[in-house]
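Scroll down for the structure; my scribbles are underneath it.
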There are 2 protein chains.
Amino acid sequence: MNPEAKVPAFPQVAAVAQSGPAHSVDRIMAVAYELFSTRGVRDVGVNELIERSGVAKATFYRHFPSKDSLVFAFLEQRDKQWTMDGILLEARRRGSTPQEQLLAIFDVFGDWFLREDFEACSFVRVMLEMGPAHPLGQASIEYLAKIRGHVQAVAEEAGLVNPEEFARSLLILMKGSVIQAVEGDTLAAERARQMAVWLMEHHRG
Amino acid sequence: MNPEAKVPAFPQVAAVAQSGPAHSVDRIMAVAYELFSTRGVRDVGVNELIERSGVAKATFYRHFPSKDSLVFAFLEQRDKQWTMDGILLEARRRGSTPQEQLLAIFDVFGDWFLREDFEACSFVRVMLEMGPAHPLGQASIEYLAKIRGHVQAVAEEAGLVNPEEFARSLLILMKGSVIQAVEGDTLAAERARQMAVWLMEHHRG
DNA sequence: ACAGGGGGAAAGACCGGTCTGTCTTCCCCC
DNA sequence: GGGGGAAGACAGACCGGTCTTTCCCCCTGT
């Protein structure tokens with residue numbers, strides 16, 4: 001056969017050119033992060049994932065033994081990239097005292113709610129999508145508990161009384177404001193911040 | 001053929017006997033209410049719905065032109081049966097003053113969170129499952145706004161200043177506590193109720 | 001330095017199952 | 001006898017997951 005007849009295909013070189021010489025697993029993760037975070041888990045199929053990342057199906061399943069394992073990896077990256085670097089670290093940067101840093105969470109939320117690609121907290125979304133008994137729901141619950149642990153640590157720095165109770169109450173405000181922002185209430189962060197102020201006053205003793 | 005060979009089948013008569021001589025549409029709605037409210041929308045297929053309600057597929061599609069139309073009907077019934085009668089009316093019954101009635105919402109939530117069949121608020125769940133742009137998500141948002149309207153009306157009865165702002169803040173507490181209850185925090189209602197007390201104090205002028 | 005071999009990756013057929021939705025057949029009852 | 005309903009086959013699409021074929025590239029041995 002004429003070898004030239006087989007050469008011209010390979011549309012995936014375009015995808016490689018777009019995302020650089022990254023390895024397959026990196027491209028898969030980048031596509032998964034975008035699709036899962038904006039559209040949820042169940043709405044995104046494996047076929048779409050491999051098509052958008054320019055990767056063969058066998059390659060996908062060599063790196064991830066199942067779709068669920070990719071979702072686990074996504075949740076972990078979401079925790080690092082979004083929760084830790086995007087929200088908590090940014091909030092610590094904006095406030096000079098632990099009290100200010102706790103309230104700054106809602107300032108970061110306010111900016112986040114205005115973004116066009118804002119969709120919802122992936123952990124809450126996956127927990128509701130898969131149910132709290134599903135392994136993926138369990139993982140989401142653990143990541144939410146991890147956020148609460150960080151809030152509790154800052155509350156302890158601030159010298160608040162009953163920091164665990166404070167953290168649990170603050171996470172009610174965080175989750176509630178996110179849900180309300182999905183509905184279109186972009187000012188939900190300000191309202192939650194005000195309630196956080198009152199909550200903090202009652203935990204100063 | 002021997003006519004007796006055909007008679008003994010009809011397993012749906014058992015279902016009819018269980019749910020009484022109700023019409024097909026009533027049985028479908030009852031099954032849909034149970035399955036959709038406990039497992040969400042996307043996880044429940046039409047085949048399971050018709051099987052559990054002992055109804056033929058053609059009968060299903062004669063009453064509901066599509067699955068989505070059944071979900072619309074479910075959301076409407078959920079609003080009547082759960083939101084109005086289960087939560088708001090019960091809260092009004094428990095409190096003797098409008099202020100008490102507003103706080104009683106979280107007492108009703110506290111009981112609800114302890115139920116075994118508690119899963120989540122169907123409106124929030126469907127909104128996140130389908131997305132806020134989907135017609136079903138839009139309908140869910142409207143029902144959530146309807147709840148806010150009722151809260152606002154009670155706030156006006158209570159003479160609170162800026163009742164709309166109050167209602168939006170209270171719904172943050174309601175949604176946040178529900179999400180946290182899904183995670184397993186059965187005391188989320190008490191925490192939210194305490195923050196509602198502080199919120200109300202600041203809206204008394 | 002060059003030939004050859006082996007592994008990785010792309011393309012995509014294929015599998016069994018499920019999804020929503022349509023249509024046919026038969027039967028029962030009015 | 002006619003309409004409604006049960007039963008279920010069927011269509012067409014999609015799901016997650018497996019496997020085959022083909023190619024390219026890199027690594028190794030000489």
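Chain letters run A, B, ... following the sequence lines, proteins first, then strands; residues in each count from 1. Computed over heavy atoms, backbone and side chain alike; hydrogens, waters and symmetry mates excluded.
Among residue pairs with one or both ends in residues 99-108 of chain A, those qualifying as salt bridge (charged side-chain N to carboxylate O under 4.0 Å, His left out) are A:Asp107-A:Arg193; sequence neighbours excluded. The list of salt bridge (charged side-chain N to carboxylate O under 4.0 Å, His left out) pairs with a residue in residues 29-46 of chain B, not counting sequence neighbours, reads A:Arg42-B:Asp43, A:Asp43-B:Arg42, B:Arg39-B:Asp43, B:Arg39-B:Glu48. Residue pairs that meet the salt bridge (charged side-chain N to carboxylate O under 4.0 Å, His left out) test with at least one member in residues 53-77 of chain B, sequence neighbours left out, are B:Glu76-B:Lys80. Applying the side chain to side chain donor-acceptor pair (under 3.5 Å) test to every pair with at least one member in residues 169-187 of chain B, sequence neighbours left out, gives these pairs: A:Lys175-B:Gln180, A:Lys175-B:Glu183, A:Gln180-B:Lys175, A:Glu183-B:Lys175, B:Gln180-B:Asp185, B:Asp185-B:Arg191. Sorted by first and then second residue, the side chain to side chain donor-acceptor pair (under 3.5 Å) pairs involving residues 137-150 of chain B (not counting sequence neighbours) are B:Asp79-B:Lys146.
At C:dG8, none of the side-chain N or O atoms of A:Arg62 fall inside 4.0 Å of OP1 or OP2 (strictly under the cut-off).
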Could you list all N or O pairs between the protein and nucleotides 17-21 of chain D that sit under 3.5 Å apart?
from: D:dG17; atom 1: OP2; to: A:Tyr61; atom 2: OH; distance (Å): 3.3
from: D:dG17; atom 1: OP2; to: A:Lys67; atom 2: N; distance (Å): 2.7
from: D:dG17; atom 1: N7; to: A:Lys57; atom 2: NZ; distance (Å): 3.0
from: D:dG17; atom 1: O6; to: A:Lys57; atom 2: NZ; distance (Å): 2.4

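B:Val126 places none of its side-chain heavy atoms less than 4.5 Å from the side chain of B:His134.
Here C:dA11 is the nucleotide among D:dG5, C:dA11, C:dA9 with the atom lying nearest to any side-chain atom of A:Ala56.
With sequence neighbours excluded, no residue satisfies side-chain hydrogen bond (donor to acceptor under 3.5 Å, both in side chains) with A:Gln194. With sequence neighbours left out, the ring pair (Phe, Tyr, Trp, His ring centres under 6.0 Å) criterion links B:Phe64 to B:Phe60.
In this structure, CG of B:Leu49 is placed 14 Å from C1' of C:dG21, rounded to the nearest angstrom. Between A:Glu48 atom CD and D:dC14 atom P the separation is 11 Å, expressed in whole Å. Put simply, CD on A:Glu51 is 16 Å from C1' on D:dG16, counting in whole angstrom units. Atom NE2 in A:His63 sits about 19 Å away from atom P in D:dG16, given to the nearest Å.
Contacts of residues 29-44 of chain B with DNA chain D (heavy atom under 4.0 Å): none.
Applying the Watson-Crick and G-U wobble criteria (two distances, each under 3.5 Å), C:dC30 pairs with D:dG1.
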